Amino acid sequence: MFLNLIKDVIKTLGEHGDEKYIKESEHADLTTTIAFKIAKERKVSPQEVADEIVAKITPRGYIGGAESVNGYINFFANYEFLEDTIEVILKDENYGSIGASGKVLIEHTSANPDGPLHIGHIRNSVIGDTLARIFRKAGFDVTTHYYINDMGRQMAITVLGVERFGLKDKKPDHAIAEAYISANRLLESNPELEKEVEELMLKYENFDRETERKFKEAIEKAMAGIKATMERINVNHDEFVWESDFIKNGYVDKILGFLESKGLIKKERAWIIELEGFDKEVVIKRENGTSLYVTRDLAYHLWKSEKFERIINVWGADHKLYGAQLLKLLDILGIKKPEIVFFEFVSLPEGRMSTRRGKFISADELIEKVKEEAKKIIVNRGFSEEEIDKISEAVAIGAIRFDFLKVAPEKPMVFDMNKALDFERQTASYIQYTYSRACSIMRKCDEEVEFSPELCEKTERDLVIILAKMPYYIYKVVNEARPNIFAEYMLHLASKFNEFYRDYPVLKAEGEIKKNRIAIVAAVSKVLRIGLELMGIQAIERM
RNA sequence: GGGCCCGUGGCUCAGCCAGGACAGAGCGACGGCCUUCUAAGCCGUAGAUCCCGGGUUCAAAUCCCGGCGGGUCCGCCA
């Protein structure tokens, strides 16, 4: 809805209607700073220009009025806009869609199957999964991928570890991690075992059946655990793609042929490509004839480009240089390039995490701890055991997801367990609580719903405007791939509703006023529910 | 050493791309609000050299240059 308001402002402004200079404002529903730009060119005061523009324009569509203040041109929505907003929200189950279309691939998480997901992976999952949810809502046909790096050195070491130390009887991904960590220790004190690792890798790439069986078994164990964790935090993948598939299906050969035909490959002993603008050359085939990660990844991207219109990868910032090289190579080959969403590392107060060294906080551990803390809060509220478990699980998962989601991807994070467990600062439960407050009102009334914009007080009007903005934020996330701004939006909405809740009684109101407020509460609860769902956070009706 | 990212009240963050209306939230501190729709809520007070120094501009947290601090990358690893 808000997007329509922006369109109407652009129409109203005519030749001065540039989206870049149209902004949200605390002084108006929308404002433009275009007069400042024009004033600069003409060397006159912005106020003059703004006055001049306002005098000329005729408000169109949803624009109820325009004013010139200090060089800003402010726009206000009319009653019709408010009315249509509530109507659309109450009627449209798919509120938030912006009518986008096309096939989009989002690859995220893709953690090596050598242990459980840790809190760094969670950041990737949460960003990726939330983007997927929001893109879907926008209207895109989204497919999500988890790319399983089954061909790496770390997998060979894992297999070695499983062979030497076996697997303990615990959650399979944790058991795998233990074997992997032990194998790394063993390797450190016995460097001669390197040969064994190399041999495993070589055999795997050459499809030695027995080796394949061992790898597959270890990987599937790890993935079973990883999948269980992801399911718990509401992270879904449509497909799990194995790196080795791209050797088997011929795409690696295809990409090598492509590169060769472009005359890019320098065949020394290994196959090397020199890339303009990069210090180091890229090796795409080892001396022993095997492929490298980048080779298979190029093949994967060729495959992606054939099937999808838009490709998004969610990667850790440590892959930035690699990503730039990949994009450059794809560019040279004329293959559709992915958009890469980089996120900075999550570290612990004592330093960076490492699965190999066993220095990490697993997602499972975090979930359990946060859940215990959440339970403490509701244990004396008269809920049944079952309800307590359900609510604390929903609250814990919400808290974890929101904690990662609300921080801009480019910000490095230092994870603090005490803060993760502090429910005073948990903003997800604030939104969930706000939703259950709205639900509580809805449960207690069965009156008619009838929205009357002219009856709205300031807070109520503000609230409706915020409701109207949800599709606009979806539009922004889809364009900027920054899901944190959606989290911000949801907080803003919840906060405004709580203000309304305090000042405007619903059940005690009468007549038209009551019907009007019920309409507002109904719309708010719906938008909160949809918004929470988009963040992968459960909307709970009682807490 | 070079590339990239980050540096905003005591703490955690938003705002920076497309410069403009008093730099916004939350936590923490202090003070208030439950015979009234769930107080996991609300209101108020205190608290900011927007890392530092230059520059561009009528106007800089935002753009440019130079520093400082932290992170990260620079494998015939993935």
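Nothing here was measured: the structure is a model prediction, and the numbers come from that model. All heavy atoms count here, side chains included; hydrogens, waters and symmetry mates do not. Numbered from 1 within each chain, the chains take letters A, B, ... in sequence-line order.
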Apply side-chain hydrogen bond (donor to acceptor under 3.5 Å, both in side chains) to residues A/H301 and A/Y251 and explain how you reach the verdict.
CA-CA 10 Å; A/H301 280 86; A/Y251 272 72; over 6 Å; no
So which one's nearest nucleotide on RNA chain B is more toward 5', A/S495 or A/I272?
A/S495
Does A/F36 reach a base, just sugar-phosphate, or nothing at all? Heavy atoms under 4.0 Å.
base
B/rC43 C1' sits how many Å from A/R502 CZ, rounded?
6 Å
Which residues pass the salt bridge (charged side-chain N to carboxylate O under 4.0 Å, His left out) test with A/D297, sequence neighbours left out?
none
In terms of side-chain heavy atoms of A/Y433, which of B/rG15, B/rA39, B/rC37 is nearest?
B/rA39
Is a donor-acceptor pair below 3.5 Å formed from side chain A/R482 to base B/rA14, judging by atom type as modelled?
no
Show me the side-chain donor-acceptor pairs of residues 392-401 of chain A shorter than 3.5 Å, one per line, residues at least two apart or across chains.
| residue | atom | partner | partner atom | Å |
| --- | --- | --- | --- | --- |
| A/S392 | OG | A/I388 | O | 2.8 |
| A/S392 | OG | A/D389 | O | 3.2 |
| A/E393 | OE1 | A/R232 | NH2 | 3.0 |
| A/E393 | OE1 | A/K371 | NZ | 2.7 |
| A/E393 | OE2 | A/R232 | NE | 2.8 |
| A/R401 | NE | A/M535 | O | 2.8 |
| A/R401 | NH1 | A/D129 | OD2 | 3.0 |
| A/R401 | NH1 | A/I233 | O | 2.7 |
| A/R401 | NH1 | A/N234 | O | 3.0 |
| A/R401 | NH2 | A/D129 | OD2 | 2.8 |
| A/R401 | NH2 | A/T130 | OG1 | 3.2 |
| A/R401 | NH2 | A/M535 | O | 3.2 |

Return whichever of A/I377 or A/I22 has its heavy-atom-nearest nucleotide of RNA chain B closer to the 5' end.
A/I22
Going by the rule side chain to side chain donor-acceptor pair (under 3.5 Å), which residues pair with A/N112 if we only count those two or more places apart in sequence or in a different chain?
none
Quick one: which of B/rA40, B/rC37, B/rC22 gets closest to the side chain of A/E26?
B/rC22
When you get a sec, tell me which of B/rC74, B/rG28, B/rC37 is the closest nucleotide to the side chain of A/L321?
B/rC74
Which whole number of Å gives the distance between the P atom of B/rG55 and that of B/rA60?
12 Å
Selected nucleotide, minimal atom distance to A/N484 side chain, candidates B/rG15, B/rA40, B/rG20
B/rG15
Looking across every strand, which nucleic acid part, if any, lies under 4.0 Å from A/N74 by heavy atom: base, sugar-phosphate, or nothing?
base
By the 4.0 Å heavy-atom rule, please label A/M543 as base, sugar-phosphate, or nothing.
base
From B/rG20, B/rC37, B/rA78, pick the nucleotide closest to the side chain of A/K23?
B/rG20
Roughly how far apart, to the nearest Å, are B/rG71 and B/rC58 at atom P?
41 Å
Is there a donor and acceptor pair closer than 3.5 Å between the side chain of A/T427 and the base of B/rA25?
no
List in chain and number order the residues that pass salt bridge (charged side-chain N to carboxylate O under 4.0 Å, His left out) with A/K411, two or more places apart in sequence or in another chain; answer none if no residue qualifies.
none
Please report the distance separating the C1' of B/rC76 from the corresponding atom of B/rG70, rounded so that it comes out in whole Å.
33 Å
Parallel, tilted or perpendicular for A/H145 and A/Y300, by the 30°/60° rule?
parallel
Could you give the distance separating B/rG47 and B/rC11 at their C1' atoms, to the nearest angstrom?
12 Å
In whole Å, what separates the C1' atom of B/rC13 from that of B/rG28?
14 Å
Of the nucleotides B/rA40, B/rC22, B/rU72, which has the atom closest to the A/H27 side chain?
B/rC22
Return the nearest nucleotide to the side chain of A/P505; candidates are B/rC37, B/rA21, B/rA78.
B/rC37
Contact class for A/H319 vs. all strands (heavy atom < 4.0 Å): base, sugar-phosphate, or nothing?
base
May I ask you to say what A/A408 touches in the nucleic acid, namely base, sugar-phosphate or nothing, with a heavy-atom cut-off under 4.0 Å?
sugar-phosphate
Nearest-Å distance once atom C1' is located in both B/rU62 and B/rA21:
16 Å
Could you work out the separation of B/rG69 and B/rC63 based on their P atoms and round it to a whole Å?
22 Å
Would you mind pulling out the nucleotide paired to B/rG69, Watson-Crick or G-U wobble, both distances under 3.5 Å?
B/rC6
How would you label the contact of A/L491 with the nucleic acid (heavy atoms, under 4.0 Å): base, sugar-phosphate, or nothing?
nothing
Taking only the side-chain nitrogens and oxygens of A/Y501, find out if one of them lies under 4.0 Å from OP1 or OP2 of B/rA39.
yes
In this structure, how many angstroms lie between the P atom of B/rA14 and the NZ atom of A/K476, rounded?
14 Å
Which class fits the ring pair A/F36 and A/Y72: parallel under 30°, tilted 30 to 60°, perpendicular over 60°?
perpendicular
Residue pairs meeting salt bridge (charged side-chain N to carboxylate O under 4.0 Å, His left out), one or both in residues 33-51 of chain A, sequence neighbours left out, come to A/R42-A/E52
Name the residue from A/T290, A/T211, A/D150 that meets the side chain to side chain donor-acceptor pair (under 3.5 Å) definition with A/Y204.
A/D150
How would you label the contact of A/S25 with the nucleic acid (heavy atoms, under 4.0 Å): base, sugar-phosphate, or nothing?
base
Quick check for you: among B/rA40, B/rC27, B/rU72, whose closest atom lies nearest to any side-chain atom of A/D318?
B/rU72
So which of residues 287-297 of chain A are in contact with RNA chain B, with a heavy-atom cut-off of under 4.0 Å?
A/E287, A/L292, A/Y293, A/R296
Write down the protein N/O and nucleotide N/O pairs, taken from nucleotides 6-12 of chain B, whose separation is under 3.5 Å; answer none if there are no such pairs.
| residue | atom | partner | partner atom | Å |
| --- | --- | --- | --- | --- |
| B/rC6 | O3' | A/K411 | NZ | 3.2 |
| B/rG7 | OP1 | A/K411 | NZ | 2.3 |
| B/rC11 | O2' | A/K419 | NZ | 2.6 |

On a plain distance test, is the side chain of A/T434 in donor-acceptor contact with the base of B/rA40 below 3.5 Å?
no
Could you list the residues that satisfy salt bridge (charged side-chain N to carboxylate O under 4.0 Å, His left out) with A/E194, not counting sequence neighbours?
A/R153
Categorize A/S347 for me: base, sugar-phosphate, or nothing, with a 4.0 angstrom heavy-atom threshold over every strand shown.
nothing
According to the 5.5 Å centroid and 30° plane-angle thresholds, does A/Y72 stack upon the nucleobase of B/rA21?
yes
Can you check the distance between B/rG44 and B/rC27, where both ends of the measurement are the P atom (answer in whole Å)?
13 Å
Any base atoms under 4.0 Å from A/E268, or only sugar-phosphate, or nothing? Heavy atoms, all strands.
nothing
A/K248 atom NZ, over 12 foreign heavy atoms within 6.0 Å:
yes
Which pairs, with at least one residue in residues 269-278 of chain A and sequence neighbours excluded, count as a side chain to side chain donor-acceptor pair (under 3.5 Å)?
A/K266-A/E274
Any idea which of B/rA40, B/rA18, B/rC73 is nearest the A/K20 side chain?
B/rA18
Ignoring hydrogens and geometry beyond distance, is the side chain of A/N498 in donor-acceptor contact with the base of B/rA40 at under 3.5 Å?
no
